[in-house]
K.L.:
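The structure's right below; bear with me while I get my questions together.
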Amino acid sequence: MPYILLDRWFSGLAANFVGVNDEIVGAIATEHLIEIGCRQHSPHLRNQREHGAGRLKGYTHALARHGIPVKPEYIVSADRMDTSASLAGYQAAIKLIAVSPCPTGIFCCNDPVAIGAMTAILDAGLRIPEDVALIGCGNLQFDSSLRVPLSSVDQRSKMIWPARSSFGAALGGGRRPPSAESDFAGTGVGDSKFHP
């Protein structure tokens with residue numbers, strides 16, 4: 001029986017997948033930080049899940065393309081099974097902003113982790129983006145709950161469900177799906193906006 005994984009894949013599992021290329025997502029986020037001037041100290045808050053590994057790979061490749069060394073002390077896990085993603089992001093960001101020199105930008109593996117990191121940065125009396133730039137992934141619309149706008153890689157999540165439908169129809173009809181992976185990353189970086 002054919003099946004389709006949506007927005008998450010698992011290494012070693014031969015499956016059809018509709019979602020983003022996490023390595024590209026990591027590269028887009030890191031390139032954004034580099035483009036806005038965060039060349040020296042751009043850490044990564046990651047998780048241990050499959051998408052976290054891909055995003056870390058994109059992060060390290062983007063740094064290498066710009067001749068920026070990867071510093072292990074700037075790669076902090078925000079993957080705590082006993083806490084929420086935003087609390088894990090808060091705790092990981094506290095560790096990062098204590099490193100000397102303080103990072104000028106932080107790439108978070110997803111928006112909930114970025115929201116926690118945002119709170120930690122602001123609670124420490126630092127300004128976003130003036131002191132520490134911040135980028136997440138997902139472009140989730142948290143709008144009114146954010147203290148400052150959040151830059152985020154747009155994963156075009158609204159397109160995953162329709163793509164899944166056409167992908168599933170091809171599989172159900174015995175046809176070969178369009179590709180083994182549908183890549184929705186690449187639309188760039190957006191800002192969550194406040195709405196009245």
Side-chain angles (χ1 to χ4, degrees), residues 20-49 51-79 85-143 145-156 185-194:
V20 297
N21 179 318
D22 290 308
E23 191 171 333
I24 292 173
V25 168
I28 289 170
T30 306
E31 291 285 346
H32 174 73
L33 288 175
I34 292 168
E35 288 170 9
I36 63 170
C38 302
R39 295 188 56 83
Q40 298 304 316
H41 313 292
S42 295
H44 174 55
L45 296 183
R46 67 166 298 203
N47 62 30
Q48 302 299 324
R49 296 177 190 97
H51 69 279
R55 292 174 186 185
L56 177 62
K57 194 173 189 181
Y59 163 80
T60 58
H61 287 166
L63 291 179
R65 275 193 300 277
H66 291 274
I68 301 170
V70 176
K71 297 179 179 181
E73 65 270 23
Y74 282 145
I75 300 173
V76 176
S77 176
D79 195 25
S86 61
L87 181 56
Y90 184 94
Q91 293 167 341
I94 290 294
K95 291 178 189 173
L96 281 174
I97 59 179
V99 173
S100 182
C102 182
T104 56
I106 298 175
F107 162 37
C108 298
C109 62
N110 60 43
D111 287 346
V113 168
I115 290 169
M118 174 186 291
T119 303
I121 292 164
L122 295 172
D123 285 355
L126 299 169
R127 299 167 300 156
I128 299 171
E130 295 85 356
D131 299 320
V132 181
L134 186 65
I135 187 165
C137 294
N139 204 25
L140 302 177
Q141 298 302 308
F142 292 100
D143 302 336
S145 65
L146 301 178
R147 290 165 61 184
V148 295
L150 173 64
S151 294
S152 181
V153 177
D154 187 352
Q155 295 181 191
R156 298 169 58 187
T187 59
V189 176
D191 287 332
S192 295
K193 303 293 184 202
F194 291 100

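Numbering of residues begins at 1 and proceeds along the displayed sequence.
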K.L.:
Is there a side-chain contact between T119 and R147 (heavy atoms, below 4.5 Å)?
P.N.:
yes

K.L.:
Please answer whether the main-chain N or O of N139 pairs with a side-chain N or O of D111 as donor and acceptor at a distance below 3.5 Å.
P.N.:
yes

K.L.:
Of all the heavy-atom pairs spanning A133 and C38, show the shortest one and how long it is.
P.N.:
CB-SG, 3.8 Å

K.L.:
Are side-chain heavy atoms of I28 and H32 found at a separation under 4.5 Å?
P.N.:
no

K.L.:
Do the side chains of L126 and C102 get nearer than 4.5 Å, heavy atoms only?
P.N.:
yes

K.L.:
With sequence neighbours left out, which residue pairs that include part of residues 25-36 fulfil the salt bridge (charged side-chain N to carboxylate O under 4.0 Å, His left out) condition?
P.N.:
E31-R65

K.L.:
Holding to side-chain contact (heavy atoms from CB on, under 4.5 Å), I want the full list of residues that pass it with A120, two or more places apart in sequence or in another chain.
P.N.:
Y90, A93, I94

K.L.:
Looking at I135, L150, L134, which hits side-chain contact (heavy atoms from CB on, under 4.5 Å) with C108?
P.N.:
L134

K.L.:
State the CG-CZ distance between N21 and R55, to the nearest 0.5 angstrom.
P.N.:
10.0 Å

K.L.:
Going by heavy atoms in the side chains, are I106 and I121 under 4.5 Å from each other?
P.N.:
yes

K.L.:
Taking side-chain contact (heavy atoms from CB on, under 4.5 Å) as the definition, give me every residue that meets it alongside K95, ordered by chain and number, with sequence neighbours left out.
P.N.:
V76

K.L.:
Which residues pass the side-chain hydrogen bond (donor to acceptor under 3.5 Å, both in side chains) test with S86, sequence neighbours left out?
P.N.:
S84

K.L.:
I need the minimum non-hydrogen distance between F107 and T30, along with the two atoms involved.
P.N.:
CD2-OG1, 3.8 Å

K.L.:
Determine whether I34 and L63 make a side-chain contact, defined as any pair of heavy atoms from C-beta on separated by less than 4.5 Å.
P.N.:
yes

